[in-house]
Peer 1: 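This is the structure, below, for whatever I ask next.
This one's a predicted model, so the numbers in the text were calculated from it and none came from an experiment. So that the names make sense, note that chain A is the first sequence line, chain B the second, and so on, each numbered from 1.
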Amino acid sequence: MSETPHRYTAELAGRIEVAWQDRWEEQGVFRAPNPAGPWADPEGVAEHEGGHLLVLDMFPYPSGAGLHVGHPLGYIATDVYARFNRMLGKNVLHCLGYDAFGLPAEQYAVQTGQHPRKTTEENIAIMARQLRRLGLGHDDRRAVRTIDPDYYRWTQWIFLQIFNAWYDADAPREDGGTGRARPIAELVEEYRSGTRPLPAEDGRGWDDLSHVERAEILDSRRLVQSVEATVNWCPGLGTVLANEEVTNEGRSDRGNFPVFKRRLRQWVMRITEYADRLADDLDGVQWPEKVKTMQRNWIGRSQGAHVTFPVGTDAAHPGIEVFTTRPDTLFGATFMALAPEHPLVDSLVPEGGWPEGTDDAWTGGAATPAEAVAAYRAQAAARTDLERQAEGKAKTGVFTGGFALNPVSGAPVPVFVADYVLMGYGTGAIMAVPAQDERDWDFATAYRLPIIRTVQPPEDHDEDTAYTGDGPAVNSANDEVSLDGLDVADAKERIVAWLEDKGLGRGAVTYKLRDWLFARQRYWGEPFPVLFDEDGIAHGVPEDQLPVELPDVPDYTPKVYDPDDADSEPEPPLARDTDWVTVEADLGDGRGTRTFRRDTNVMPQWAGSCWYYLRYLDPANGQALVDPENEAYWMGPRPAPVAGAPAGTGDPGGVDLYVGGVEHAVLHLLYARFWHKVLFDLGHLSSSEPFRTYFAQGYIQAPAFTDARGQYVEASEVEEHVGDDGTPSFTHAGAPVNREFGKIGKSLKNMVSPDDMYAMYGADTFRLYEMGLGPLEQSKPWDTRAAVGSQRFLQRLWRNVVDEETGDLRVADVDVDAETAKVLHRTIAAVREDYAGLGFNTAIARLTELNNALTKLGGDVPRPAAEALVLMVAPLAPHVAEELWRRMGHETSLVHAAFPEADPALLVDDTVTCVVQVGGKVRDRLEVPADITEDALRELALASPRIQALLENGVRTVVVRAPRLVNVVPA
RNA sequence: GCGCAAGUGGCGGAACUGGCAGACGCGCCAGGUUUAGGUCCUGGUGCCUUCGGGUGUGCGGGUUCGAGUCCCGCCUUGCGCACCA
């Protein structure tokens, strides 16, 4: 233990930190005033002349294991940014709540045999303690929790808004686009008044229809629908999952269980109606390109055409519809391929044997087409997607024995079944154009099918490959239309026009995005605010009867199955509570109290996190999810679009800064945008995007160690040894181990908790260390011991203000000397810029330099310099800054103190060092006046003896960049 | 396979529009304070060197008076997508 009584140790840091956290809380310094709503404080809002700022973190999920040092990285960064902006005079809203419904909490509860509410609340308490100890400047009044009925009442309310809305693709929008959600009541009115024709034109009006018939019509238009669909059934979790929750390997995102395709009736949200806007509106937000690309890929929009190929053998056959992005290549379609599951396959297979002239390669060795197709389908069905991928790109298929007619050339084309065609995309059938498609080329060469080039490849193109680029069309004419000579874009346009004219096809857009499967057969989630009547018709629970509370069932354990039992059936825990399921209710529709059956599914985990940032704005509002004035103030569109937005793009509004990992790119970020847009369309919000600026942070990776068997050993027990050449080696219990870097956690046995850091160094040092590691967007390795560097910085800062021996103030009311003033003001200018751009690592470097410069003064530290340094350090290390600020005589917290401003006069130098190069190599340095002329500098440089010595053969030219550089080029 | 990032000392990382490579920190070395040091302070620290200097930002070319930075071709690592018609 140190004998120095007033040293800034971890122990002292801890006392200071807890004391200031208590003070901040008592004084409510982080409470941001709202313009309206239950906390309306317009005067408080008006005091902030610097405007307003909304800073957001990823909604944390309280796990049973507590935090590790990787978790707070983003929270610290947003806190530093928020604190900096408060010191610029802005009204800053920064808070944190808890996303606490969902699978992990439920699984943890099941494992420990406790009720999920109990374990979840305990986990929240642990996490809240760990985060509070970090000194985050959050508005404590706004810490919402998704599991509270006051919160999920609004989650259910939003569900009903979406349920009671339909998408009118023709309705104009305020932003100039077309298509928006409208209340279902307006659709009813259109049907009733006759302005919109009813789907079944049997002469009856809306009022003539039975309530079942009306419900069927409306339900088919709602943005939430119950549909019979192919879903992802996960027996290991006992629930169905959304596409976004299934990994590329066909397993569950949570728990890594196998997922099977099943036909089931389920709730889906019609996110596909928003596919275009979700893709297009990415232009207006400032997000990393990587994340935008991931969303665009997921939405997977492609433009092309649907084309129908008649089936020649049968006039009554509907024909085979394909989707293609290259209708311009239609003349080169020499065969077709259908997915093995395609419903039309059977209709193409002729009875009896192979048609005349069938190539042996097409038959798969079978005696008849029927046999060949059956065998191929059986083989395809037996293989999982994973196995298909593992077999690489080899193309296989068999001839169906049937032919279709190329609609532009009239030529018969053989139809194959091939598993490189996927049932889930487009129409499940393709026209194959080997000359312009690599996959079709591979298939055509393997099965000896004809290849017709319809785009002229450039001369240097390999004749043995497909050509997918642009070029003039060739071989593309019939009696009525010719594409020859047109480029790809023009050819597409002309052929689509011709196809549409002939009724053979039409321009079309397809998407990879599928509707969002929204029901889960679990317990720990928001109940659906839906009641089914005796006809099975779903009714929304009236708003004044919300929330539909999650009942406290005795057995909340979900029915899970053997993870590989594909044939099992989902069984929601809520269905077991028959008292809850059956309910007497009056829907206020004039039909009085009737008996209903509740929906026993619960919402997915994403529901609560889809809109939490809106509730932060007005968490106590009992009348609305957010007062419109509050939403407009915090999130409304700004006058200027974001940097880099294409011309003509306006600002969509939204959160000013959202920091989080990239792992939510296609889940949370897509779902939240969808809900936000629906609420925008329905007039509840002024912003059309939830997150104007998104910043993807890197991860913290910690060293993990494996022994000779490849097993992980406890990282905290590993000893490091430094060899003579400086390279480290590692041992565990005396045996050598290997170091690698990976995610922090139990599985790699490399857990480091923030609690460890608080005990060893204190929260301020921990914050400083995390921010100093490197750029926020990069992943970087953790090294607990290296945090001493940050601790030394704070100790030096402390010593610059407080005498370690006596505890007296070392700051003196003296002027700052000229040299120090220069350093000080340069630091201010640089740090301001760094903070504004989230460049915390470089800000720390600059502050360290200033701190070291003050240390080197030796004697008393001039007050103006010490105060400016403390204020600048405050966003990063707020507790020690507050303590020093107070010891320097200030009675109020520095949370709202003005950030130091640089004096521009002190940023310019009188003299600078000029580098003199010969042939690009530095040979001399000259101290010259900053305003020296080019000519004077050239003369000075050439006069230098060191330069003269190198110019024996004369000078060819001299490049002068006054005042910093001269480059002499010798002859 | 396609696409996007990124490769700088023993380590994490600095370097504005091409203009002093290695800021700041860890580690390491030396010295000081200390009975002691997993303390603190001071100085040093890319590599090679015959101490003049040479060389150096993944590799190979190029543009330029001048390249970590721009262009072309490769290599490696990470991430995303992966028969998307």
Side-chain angles (χ1 to χ4, degrees), chain A residues 1-4 7 9 248 288-291 293-294 296-298 300-302 304 322-326 329 337 339 385 388-389 391-395 418-422 424-433 436-440 442-443 510-512 662 665-666 696 698 720 722-728 768-769 772-775 777-783 785-790 792-793 795-796 799 804 830 833 839 841-849 851-852 855-856 913-922 924-925 956-961 964-970:
Chain A
M1 213 44 322
S2 167
E3 293 157 24
T4 318
R7 169 159 298 170
T9 58
N248 289 332
E289 269 317 307
K290 179 191 177 65
V291 177
T293 304
M294 283 168 73
R296 289 200 183 100
N297 284 346
W298 188 259
R301 174 166 58 189
S302 57
V322 301
F323 176 74
T324 175
T325 56
R326 293 294 302 276
T329 64
D385 288 353
R388 272 198 198 183
Q389 280 175 29
E391 286 169 23
K393 302 245 188 292
K395 303 283 179 293
D419 68 1
Y420 81 94
V421 181
L422 309 175
Y425 186 77
T427 63
I430 60 161
M431 63 177 215
V433 188
Q436 275 85 228
D437 185 286
E438 284 162 22
R439 295 154 301 176
D440 297 345
D442 291 346
F443 193 89
T510 62
Y511 304 90
K512 243 169 74 183
V662 80
V666 290
E720 178 172 352
V722 178
D724 293 338
D725 57 351
T727 51
L768 202 60
Y769 175 62
L773 270 174
E777 68 271 22
Q778 264 176 40
S779 290
K780 46 236 152 183
W782 177 262
D783 180 6
R785 293 168 314 163
V788 298
S790 304
R792 285 177 195 151
F793 169 79
Q795 285 177 332
R796 272 197 292 275
R799 273 197 300 271
E804 280 188 334
E833 209 171 297
N841 55 327
T842 46
I844 290 169
R846 302 309 295 258
L847 291 168
T848 307
E849 286 174 310
N851 194 33
N852 290 347
T855 302
K856 281 190 178 129
T913 305
C914 175
V915 179
V916 186
Q917 300 176 335
V918 175
K921 292 189 160 73
V922 179
D924 200 6
R925 294 189 168 85
R956 191 166 68 177
T957 182
V958 182
V959 179
V960 183
R961 293 283 178 276
R964 292 202 181 270
L965 181 126
V966 176
N967 188 9
V968 183
V969 186

Peer 1: Is the phosphate of B/G13, meaning OP1 or OP2, less than 4.0 Å from a side-chain N or O of A/Gln778?
Peer 2: yes

Peer 1: Rounding to an integer number of angstrom, what distance separates B/U76 and B/C70 when you compare their C1' atoms?
Peer 2: 22 Å

Peer 1: Take atom CG of A/Asn297 and atom C1' of B/C79, then tell me their distance rounded to the nearest Å.
Peer 2: 13 Å

Peer 1: Taking ring-ring contact (aromatic ring centres under 6.0 Å, His included) as the definition, give me every residue that meets it alongside A/Tyr769, ordered by chain and number, with sequence neighbours left out.
Peer 2: A/Trp782

Peer 1: Using atom P in both nucleotides, what's the gap between B/G46 and B/C24 to the nearest angstrom?
Peer 2: 13 Å

Peer 1: Output the distance between atom CG (A/Asn841) and atom CG (A/Leu768), rounded to the nearest 0.5 Å.
Peer 2: 11.5 Å

Peer 1: Measure from CG on A/Leu773 to C1' on B/C11 and round the result to the nearest Å.
Peer 2: 12 Å

Peer 1: List in chain and number order the residues that pass salt bridge (charged side-chain N to carboxylate O under 4.0 Å, His left out) with A/Arg956, two or more places apart in sequence or in another chain; answer none if no residue qualifies.
Peer 2: none

Peer 1: Using the six-membered ring wherever Trp is involved, compare the ring planes of A/Phe443 and A/Tyr420 and label them parallel, tilted or perpendicular (cut-offs 30° and 60°).
Peer 2: tilted

Peer 1: To the nearest angstrom, how far is A/Arg956 atom CZ from B/C65 atom C1'?
Peer 2: 8 Å

Peer 1: Who passes salt bridge (charged side-chain N to carboxylate O under 4.0 Å, His left out) against A/Glu849, sequence neighbours left out?
Peer 2: A/Arg846

Peer 1: For A/Trp298 and A/Glu438, find the nucleotide of RNA chain B closest to each by heavy atoms; which residue's nucleotide sits nearer the 5' end?
Peer 2: A/Glu438

Peer 1: Please report, rounded to the nearest Å, how far the P atom of B/C26 is from the CZ atom of A/Arg785.
Peer 2: 12 Å

Peer 1: From CD of A/Glu777 over to C1' of B/C79, roughly how many Å is that when rounded to an integer?
Peer 2: 15 Å

Peer 1: Which value, in whole Å, describes the distance between the P atoms of nucleotides B/C75 and B/G43?
Peer 2: 48 Å

Peer 1: Rounding to an integer number of angstrom, what distance separates B/U42 and B/U33 when you compare their C1' atoms?
Peer 2: 11 Å

Peer 1: Looking at A/Ser302, I'd like to know whether one of its side-chain N or O atoms comes within less than 4.0 Å of OP1 or OP2 on B/A85.
Peer 2: yes

Peer 1: With sequence neighbours excluded, tell me which residues meet salt bridge (charged side-chain N to carboxylate O under 4.0 Å, His left out) with A/Asp437.
Peer 2: A/Arg439

Peer 1: Test of understanding: with side-chain contact (heavy atoms from CB on, under 4.5 Å), list the residues that count as partners of A/Glu777, not counting sequence neighbours.
Peer 2: A/Phe695, A/Pro775

Peer 1: Decide, for B/G61, between syn and anti: a glycosidic angle within 90° of 0 counts as syn, anything else as anti.
Peer 2: anti

Peer 1: Specify the residue among A/Lys780 and A/Arg326 whose closest nucleotide of RNA chain B lies further upstream toward the 5′ end.
Peer 2: A/Lys780

Peer 1: Mind checking salt bridge (charged side-chain N to carboxylate O under 4.0 Å, His left out) for A/Arg296 and listing every partner two or more places apart, or none if nothing turns up?
Peer 2: A/Asp283

Peer 1: Using the P atoms only, state how far B/C26 lies from B/U45, rounded to an integer number of Å.
Peer 2: 16 Å

Peer 1: Among the nucleotides B/C83, B/A82, B/G12, which one has an atom lying closest to any side-chain atom of A/Lys512?
Peer 2: B/A82

Peer 1: Go ahead and write out RNA chain B as dot-bracket, 5' to 3': ( ) for pairs within the strand, [ ] for ones crossing earlier pairs, | when the partner sits on another strand, dots for unpaired; Watson-Crick or G-U wobble, both distances under 3.5 Å.
Peer 2: (((((((..(((......[....)))((((((.......))))))(((....)))..(((((..]....))))))))))))....

Peer 1: Which part of the nucleic acid, if any, lies within reach of A/Thr427 when heavy atoms closer than 4.0 Å are counted: base, sugar-phosphate only, or nothing?
Peer 2: nothing

Peer 1: How would you summarise protein contacts on nucleotides 15-24 of chain B per nucleotide, using B for base, S for sugar-phosphate only and - for none, with heavy-atom distances below 4.0 Å?
Peer 2: ----BB--BS

Peer 1: Base, backbone or nothing for each nucleotide of nucleotides 44-58 of chain B, written B, S, -, heavy atoms under 4.0 angstrom, 5' to 3'?
Peer 2: ----------SS---

Peer 1: Would you classify B/G9 as syn or anti? Syn applies when the glycosidic angle is within 90° of 0.
Peer 2: syn

Peer 1: Give one of base, sugar-phosphate or nothing for A/Glu289, where a contact means two heavy atoms less than 4.0 Å apart.
Peer 2: nothing

Peer 1: What's the spacing between A/Asn852 CG and A/Arg792 CZ if we round to 0.5 Å?
Peer 2: 12.0 Å

Peer 1: Name the pairs: protein N/O against N/O of nucleotides 40-43 of chain B, kept only if under 3.5 Å.
Peer 2:
residue: B/C40; atom: O3'; partner: A/Arg799; partner atom: NH2; Å: 3.3
residue: B/C41; atom: OP1; partner: A/Arg799; partner atom: NH2; Å: 2.5

Peer 1: What distance, rounded to whole Å, do you find between the two C1' atoms, one in B/A6 and one in B/G58?
Peer 2: 11 Å

Peer 1: Tell me every residue that passes side-chain contact (heavy atoms from CB on, under 4.5 Å) with A/Arg925, counting only those two or more places apart in sequence or in another chain.
Peer 2: A/Thr913, A/Val922

Peer 1: Test of understanding: with side chain to side chain donor-acceptor pair (under 3.5 Å), list the residues that count as partners of A/Gln917, not counting sequence neighbours.
Peer 2: none

Peer 1: Given the C1' atoms of B/C48 and B/G7, what is the spacing between them in whole Å?
Peer 2: 24 Å

Peer 1: Let me know the distance between NZ of A/Lys290 and C1' of B/C4, rounded to the nearest Å.
Peer 2: 7 Å

Peer 1: Suppose you measure atom C1' in B/G68 against the same atom in B/C59; what distance do you get, rounded to whole Å?
Peer 2: 15 Å

